[in-house]
Amino acid sequence: MTPGILAAQKAGVSFTVHEYDHDPAASSFGMEAAEKLGVPPERVFKTLVVKLDGRELAVGVIPVNSMLSMKAIAKAAGAKKAGMAEKAEVERSTGYVLGGVSPLGQKKRLRTFIDASAGGFSTVFVSAGKRGMDMELAPEELRSLTNGIYALLCVQEAHGSVSGS
């Protein structure tokens with residue numbers, strides 16, 4: 001049991017846990033999840049933690065085959081700028097290790113922004129809080145559990161964006 005799974009259970013939402021054999025050498029944990037679960041990558045969402053205006057941490061939840069636009073998440077959050085948070089900050093604030101950060105059950109609840117593309121699916125996959133484990137749930141349940149805000153967060157070109165997972 002992870003804090004993400006416990007949070008979903010406590011809220012009484014419908015979800016399914018999917019486990020797969022994680023390869024520590026995988027270059028993209030999110031794309032690995034999509035491949036091993038046999039799910040189109042646009043339905044598998046990665047959780048990225050950003051720092052807004054050099055102070056506040058926030059979460060961007062985007063498809064694993066997309067890149068986060070720092071301008072777009074800053075705008076959605078009402079901030080002037082955004083940058084990726086440091087690994088130590090991410091792990092300390094969420095309670096998860098990189099590659100297994102779930103948008104649910106974080107140690108410190110961070111403002112969450114979900115790419116609007118999630119709303120086009122009946123269910124999406126997000127990390128359950130451990131590498132090699134995802135949970136499938138309705139995007140509206142994800143939004144509700146995280147108090148998330150839907151926004152256009154992705155860009156096509158690499159300029160000003162991050163593609164890690």
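Scope of the values below: all heavy atoms of this structure, side chains included, with no hydrogens, waters or symmetry mates.
Panel note: side chain E91, backbone L98; a donor-acceptor pair is recorded below 3.5 Å. Between the side chain of T94 and the backbone N or O of Q106, no donor-acceptor pair lies under 3.5 Å. Between the side chain of D53 and the backbone N or O of K81, at least one donor-acceptor pair lies under 3.5 Å. Checked by atom type and distance alone, the side chain of T47 pairs as donor or acceptor with a backbone atom of V101 at under 3.5 Å. Using modelled atom types, no side-chain atom of K80 and backbone atom of A74 make a donor-acceptor pair closer than 3.5 Å. Side chain of D115 to main chain of L153: a donor-acceptor pair is present (N/O by atom type, distance under 3.5 Å, no hydrogens or angles). A distance-only check finds no donor-acceptor pair linking the side chain of S28 to the backbone of A26 [under 3.5 Å].
Here the shortest heavy-atom pairing between A58 and L110 reads CA-CB, 4.3 Å. The heavy-atom pair separating Y20 from F29 by the smallest distance is OH-O, 4.0 Å. Of all heavy-atom pairs between A34 and P41, the closest is CB-CA, 3.9 Å. When every heavy atom of I62 is checked against every heavy atom of S66, the shortest pair comes out as CD1-O, 3.8 Å. Contact record, P103 with S127: CD-O, 3.9 Å, taken as the closest heavy-atom pair. When all heavy atoms of A151 and A76 are compared, the closest pair comes out as CB-CB, 3.8 Å.
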Verdict with supporting geometry, T112 and N147, side chain to side chain contact (heavy atoms under 4.5 Å, CB included): CA-CA 7 Å; T112 301; N147 287 330; over 6 Å; no

Test side chain to side chain contact (heavy atoms under 4.5 Å, CB included) applied to L145 and L137, step by step: CA-CA 11 Å; L145 289 171; L137 72 167; 4.2 Å; yes

Test side chain to side chain contact (heavy atoms under 4.5 Å, CB included) on V44 and L37 and set out the steps. CA-CA 10 Å; V44 181; L37 295 173; 5.5 Å; no

Just do the side chain to side chain contact (heavy atoms under 4.5 Å, CB included) check on E141 and F15 with the steps written out, would you? CA-CA 9 Å; E141 298 284 20; F15 67 96; over 6 Å; no

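At most 12 non-hydrogen atoms from other residues, nucleotides or ligands lie less than 6.0 angstrom from NZ of K75. Atom CG of L6 is surrounded by more than 12 heavy atoms from other residues, nucleotides or ligands within 6.0 Å. Atom CD of E86 is surrounded by 12 or fewer heavy atoms from other residues, nucleotides or ligands within 6.0 Å.
A side-chain donor from one of E136 and T123 sits under 3.5 Å from a side-chain acceptor of the other.
Between the CE atom in M133 and the OG atom in S102 there is a gap of 11.0 Å [rounded to 0.5 Å]. Atoms OH and NZ, on Y96 and K107 in that order, are 11.5 Å from each other to the nearest 0.5 Å. How far CD of Q9 is from CG of L104: 11.5 Å, rounded to the nearest 0.5 Å. One distance of note links CG of L142 with CE of M135; it measures 9.0 Å at 0.5 Å rounding. Taking CZ of R111 as the start and CD of E56 as the end, the distance is 4.0 Å to the nearest 0.5 Å. Separating the CZ atom in R143 from the OH atom in Y150 is a distance of 6.5 Å, to the nearest 0.5 Å.
Linking ILVMFWY side-chain heavy atoms closer than 4.5 Å, directly or via other members, places I149 and L52 in a single hydrophobic cluster. Placement of V61 and V97 in two distinct hydrophobic clusters is found when ILVMFWY residues are connected by side-chain heavy-atom separations under 4.5 Å, directly or transitively. In terms of hydrophobic clustering, with Ile, Leu, Val, Met, Phe, Trp and Tyr side chains grouped at heavy-atom distances under 4.5 Å, L68 and L152 are assigned to different clusters.
By the 30° and 60° cut-offs, the orientation of the rings of F45 relative to F121 is perpendicular.
Note on E89 versus K51: salt bridge recorded, some NZ/NE/NH1/NH2 to OD/OE distance being below 4.0 Å.
Side-chain contact check for C154 versus P63: some heavy-atom pair is nearer than 4.5 Å. Between V59 and T146, the closest side-chain pair of non-hydrogen atoms is not below 4.5 Å.
For the side chain to side chain donor-acceptor pair (under 3.5 Å) with H22, the lone residue among R131, E32, K36 that qualifies is E32.
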